[in-house]
There are 2 protein chains.
Amino acid sequence: MGRAPSIDDDVLLGHLAEVFRQAGYEGASLTALSSASGLHRASLYHRFPTGKPGMAAAVLDSVEQAFGAILDPLTAEDDPSAAVREMARRVGAFYADGRLACVLDTMTLSGAPDEIKVRAAGLATTWLSAMAGVARRAGATEPDAARRARAALVRIEGSLVVTRVLADPAEFQLALAELPAILIPSDPGR
Amino acid sequence: MGRAPSIDDDVLLGHLAEVFRQAGYEGASLTALSSASGLHRASLYHRFPTGKPGMAAAVLDSVEQAFGAILDPLTAEDDPSAAVREMARRVGAFYADGRLACVLDTMTLSGAPDEIKVRAAGLATTWLSAMAGVARRAGATEPDAARRARAALVRIEGSLVVTRVLADPAEFQLALAELPAILIPSDPGR
DNA sequence: GTCTATAATATGATAGAC
DNA sequence: GTCTATCATATTATAGAC
């Protein structure tokens, strides 16, 4: 809120986010955050006076903002199937085709501050609502739409874990391809 | 291999495993491992001369052993559907109804030694093979059985993440309930 | 086999020069 | 706004008493 962030801030947050996503909250050491961002530790504290929790919160802010753009097609595109396909495309880009983990996964392990966990839960809820919305627009009843949205989130998060464990992005790609069939009642599936 | 472990070793490994599962490899500090196990840090080093990597490897050993028992019904039980239902019951117990995370997820983040990641991948492969086996016995073609096994693993891992993020075990319970429909071609589903 | 004590290093964080 | 230098603490790990 307030002023628009400078491009530098966005780039910085991108670097920080990558560390938090790959290492989790505790694994994201100041040294790792420093070398990934190119800023020395003291400079990070200048930008984030509340330290590591502040950096994590800012990362979640930036992820929330990124998801604004990712979920935009779900309301902007008229055809529900096309909307989901475009969201899937943007989700694939955000997760670098499965090479990057999800903050919902890595930042909610024990060791993360409660505030971070609460924000992560909020992010998940936003995502679920948007996906349930498009399912509802496609004709699903409200409980069915909610069920479909949760199934889609489970599918994405699970495929990211399996992709990381097996070091094989195929499962993530498959999950993206099946999102329309999961979310849209009338979709013919794959 | 070699001698059978004493009950004390099993209890100790259970405590260590809980920390690694909830905090990830880097988040599992010696202090946390010490207080969870009741042993002082030096005593842990006596048991595991190679330190934290050795503890993590031993935890993966014990998880591998636990999965031997979890997957046993898949070959011991004649009826494929009943076999999967029994596996699902045991999986539910192992993950404490969704309250405990999966080592495949938490121990494969950046920061874990490569040896740990390799062992985790092996564990996942063992699990996938066992599930593909029961699907094949139930009449699935080989590629379909492999696909079903991966879908089941994705579903379990994803539901564990979503359950943790939303602090709601319902999604994990639902995943367990749907395992027969995912793995068994002729299963009527829910 | 477990403990107390301690070492060496890494971590989160701050002060102050430029 | 970024840097060097530094602090207090937590971390992994070892030595040696019991």
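Every chain is numbered from 1, with letters handed out A, B, ... down the list of sequences.
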Grouping ILVMFWY residues whenever side-chain heavy atoms fall under 4.5 Å, the cluster of B:Leu109 otherwise contains A:Leu109

Closest approach to the side chain of B:Ser43, judged atom by atom: which nucleotide of C:dT2, D:dT4, D:dT2 is it?
C:dT2

Using links of under 4.5 Å between side-chain heavy atoms of ILVMFWY residues, direct or through other members, which residues join A:Val118 in one cluster?
none

Could you tell me how far apart A:Leu44 (CG) and D:dT4 (C1') are, to the nearest whole angstrom?
15 Å

For the pair A:Arg150 and B:Asp168, find out whether any cationic side-chain nitrogen is under 4.0 Å from an anionic carboxylate oxygen.
yes

Distance, rounded to the nearest Å, where A:His40 contributes NE2 and D:dC3 contributes C1'
7 Å

Under the 6.0 Å and 45° cation-pi test, does A:Lys52 pair with A:Tyr25?
yes

Ignoring hydrogens and angles, tell me if any N or O in the side chain of A:Arg21 forms a donor-acceptor pair with the backbone of A:Thr106 under 3.5 Å.
no

Along nucleotides 12-18 of chain C, 5' to 3', which nucleotides get a B, which get an S, and which get a -, given that the test is a protein heavy-atom distance under 4.0 Å?
SBBB---

